[in-house]
Amino acid sequence: MGDYYYKLIRSMRIDKKVSQKQLSNGLCSVSMLSYIEKGEKVPSIELRQRLLDRLGGSFQNNISIFKGKEYIDKKEKSYFISLVKGSNWDELKNHNETIQEKIKDTDSINSQFYYDMLGLIHISEENYQKAMKAYKQAVDCTMKGISLVTLNQFLLSPIEYYYLIMYYFCLAEAMPEEGKLACDSMQAILENIDRSDIAETKKCGIYSFAIEKYYEIVNDKEWFNIILLNNKVDVAISMLVRANRTFNLMGLLKIKAFIYDGMKGGEKEKKIYDDRIEALEEIYRIAGVRNNTNCNMHFLYDEVLIDISDMIRKRRILLGYTQNQLAAEICSVKTLRRIEQGIVNSQYAVIEPLLQRLGLSGERQYDNFITDDWEVLRTTHEYRVALRAGDYIQAKYLLTFLGEKVEKLPQNVQILKMEKAYLEYNTKEINRDEYLVLLDEALRETFELTEVIDYTEVFFTEKEIECLFDMTLVTDKYKNLDLKDFFIVLFNENNGKNLSKGLQALILRWLSDKYEKERNFVLSDKYAKKALQVDLENNKIWTAYKSLYDMVWNSVKSDNEKDMFSAEIYSKIFVCYILAEFIKDDQSAEFLKNKLNIICMRKGDWTN
């Protein structure tokens, strides 16, 4: 939604020196892209996202707002992906046959999705010949004519690399005589991905996925180059650690263990990787969730789906507007009523002023400003990097630049005020009370809470929830809004489905801390475990290990705790130790190692 995307697509394309022909190839006509960049035609959200993906503009949070049929279609796709994750192939096959009937001949993106589902079904049946044909059709939808020779001429998104990888993998399985071609093609794909401008999170995911498939193609073949493979696996693991992700990590660790197993004097290194594999398997067992670190690319389809009709209705209730008040001078009350019921697919000329009156834009931002300026988005990324590194001087400089460049929309001003308050509080330029005042000012940019509300019938943006959340760090309540009750209802009602997984985990850990302070350890553990599950589902094991660390903290903080000396507690501490060591969290690793030594000395043989 909004008019920001078309200016952004144009500015990114020009900045990266990409022609309209390159960008539009296989997705739409050059003339259609020209109309899109001028704002004269509105593309589907999926086409818009694919264009941005090709330019490297896919950001950390996939939160998309849809209206009408697009929302229904995306919900249906999400259901198909859930069937894949659950290996429910018969059900997927039944539904997939109905997809093809809906797809238009010109709809290349949805056609690719259909062929992907078809290919996965054939792979589950070990029919690689049919799977190869399905992925060849998927490739031809948007990459017709691509080959080992022409690969460098194509501008590809992560999902397109995925289809290409799956085609060559199936080719090698179905036609072993073509294995060398598949191997050479995979090496070229890996080099292309490494050089590409793909956004960091998706880049590390698709690269690690390609490594696993490359290994499956070359293993035990005469052209197997173990040194090349080892180097590429190291690159993939470094990418994952840098991005705080675990896409396909299990497979990469197993490849490393395999490499050292066949290496003279590699016993010690193999033991290190075996321990890391064991720690990964154990943390998923403790959380009670499916291990998703195996070879998959389902995360490319994952996104939070928001129905704009529901969003407008709940936001109106939150701010206390009647339908008459919200519709005044924008549209008729009847039109607004039909919009809220999802009956009408209104034009953005009607939707935009409604959203603005509600303190919203059509975009849900979390880390990024609402902008059409590619320089602003790049600088925002640099600002986040500086913040994570604790370089507050650089962060303050970059934030000042952003304050001068971004359009002064309420949501943008809110982000600027929140970030300024955060920086000044962490550098001790302001005290707790002043910090609270600044956060309150930031919150008022988009709404002001005046009365007790029904938590199940409201809509907050992620930045507003972040702001409310930060305020709880310095005070227990914001006016008459009990944040603990709000967050509990938020998760009990819809499992936080309208929030990014990163924010879900943050809130769940906060609830765990709240109950721990109240000495309600049962509920504290409950929310800590939920946070652990969300982190693992989000492929963020480095954050997940912190959640597990919180779960055992009460047991390990004192040498005299009786419940510390159990196999279950030892197992959890061991997992935390291995993962802390893996990511070089040296302080935590040393502390946990000491606790493990204490348990070993006191319990004896069972820990050997």
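Residue Glu126 qualifies as open at atom CD: its count of foreign heavy atoms under 6.0 Å is 12 or below. The neighbour count for Lys221 NZ, taken as heavy atoms of other residues, nucleotides or ligands under 6.0 Å away, is above 12.
Residues Glu419 and Arg384 are paired through a salt bridge, judged by an N-O separation under 4.0 Å between the basic side chain and the carboxylate. Taking a cutoff of 4.0 Å between a charged side-chain nitrogen and a carboxylate oxygen, Asp197 and Lys203 do not qualify as a salt bridge. With respect to Lys270 and Glu267, no salt bridge is recorded, no charged nitrogen being found less than 4.0 Å from a carboxylate O. A salt bridge is defined here as a Lys NZ or Arg NE, NH1 or NH2 lying under 4.0 Å from an Asp or Glu carboxylate O, and Asp234 with Lys256 meets this definition. A salt bridge does not link Asp15 to Arg10: none of the charged side-chain nitrogens sits closer than 4.0 Å to a carboxylate oxygen. Remark: Glu37 engages Arg13 in a salt bridge, criterion side-chain N to carboxylate O under 4.0 Å.
The aromatic ring centroids of Phe247 and Phe209 lie 6.0 Å or more from each other. Taking the ring centroids of Phe258 and Tyr215, they lie under the 6.0 Å cut-off.
Side-chain contact between Glu173 and Cys170 is absent, with no heavy atoms from C-beta onward closer than 4.5 Å. Contact annotation: the side chain of Tyr79 never approaches that of Leu92 to less than 4.5 Å [non-hydrogen atoms, C-beta and beyond]. No side-chain heavy atom of Tyr128 sits under 4.5 Å from any side-chain heavy atom of His122. Looking at Tyr392 and Tyr397, their side chains never come closer than 4.5 Å, going by heavy atoms from C-beta outward. Annotation: side chain of Tyr577 is in contact with side chain of Glu581 (closest heavy-atom distance under 4.5 Å).
Partners of Tyr260 under the ring-ring contact (aromatic ring centres under 6.0 Å, His included) rule, at least two apart in sequence or in another chain, are Tyr273. By the side chain to side chain contact (heavy atoms under 4.5 Å, CB included) test, Ala395 is found to be paired with Tyr383, Ala386, Leu387, Leu423, residues two or more places apart in sequence or in another chain being considered. Remark: Ser157 pairs with Glu160 by the side-chain hydrogen bond (donor to acceptor under 3.5 Å, both in side chains) rule, at least two apart or across chains.
Here Ser208 contributes atom OG and Leu249 contributes atom CG; the two are 8.5 Å apart, rounded to the nearest 0.5 Å.
For the pair Lys213 and Phe169, the distance from NZ or CZ to the six-membered ring centre is under 6.0 Å and the angle to the ring normal is within 45 degrees.
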Practice problem: Apply side-chain contact (heavy atoms from CB on, under 4.5 Å) to the pair Leu55 and Leu8, showing each step before the final yes or no. | Solution: CA-CA 10 Å; Leu55 292 167; Leu8 179 59; over 6 Å; no
Exercise. With side-chain contact (heavy atoms from CB on, under 4.5 Å) as the test, would you mind laying out the steps for Val233 and Leu253 before giving the verdict?
Key: CA-CA 9 Å; Val233 172; Leu253 295 178; over 6 Å; no
Quiz prompt | Intermediate values then yes/no, side-chain contact (heavy atoms from CB on, under 4.5 Å), Leu399 and Tyr422 | solution = CA-CA 11 Å; Leu399 188 64; Tyr422 177 81; over 6 Å; no
Practice problem: Dump the intermediate steps for salt bridge (charged side-chain N to carboxylate O under 4.0 Å, His left out) on Lys593 and Glu590, then the final yes or no. | Solution: CA-CA 5 Å; Lys593 185 178 180 180; Glu590 186 63 29; 5.4 Å; no
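A donor and an acceptor atom, one from each side chain of Arg54 and Asn25, are nowhere located under 3.5 Å apart. Residues Tyr214 and Gln187 have side chains that bring a donor and an acceptor to within less than 3.5 angstrom of each other. With no hydrogens or angles considered, no side-chain donor-acceptor pair links Ser108 and Ser111 at under 3.5 Å.
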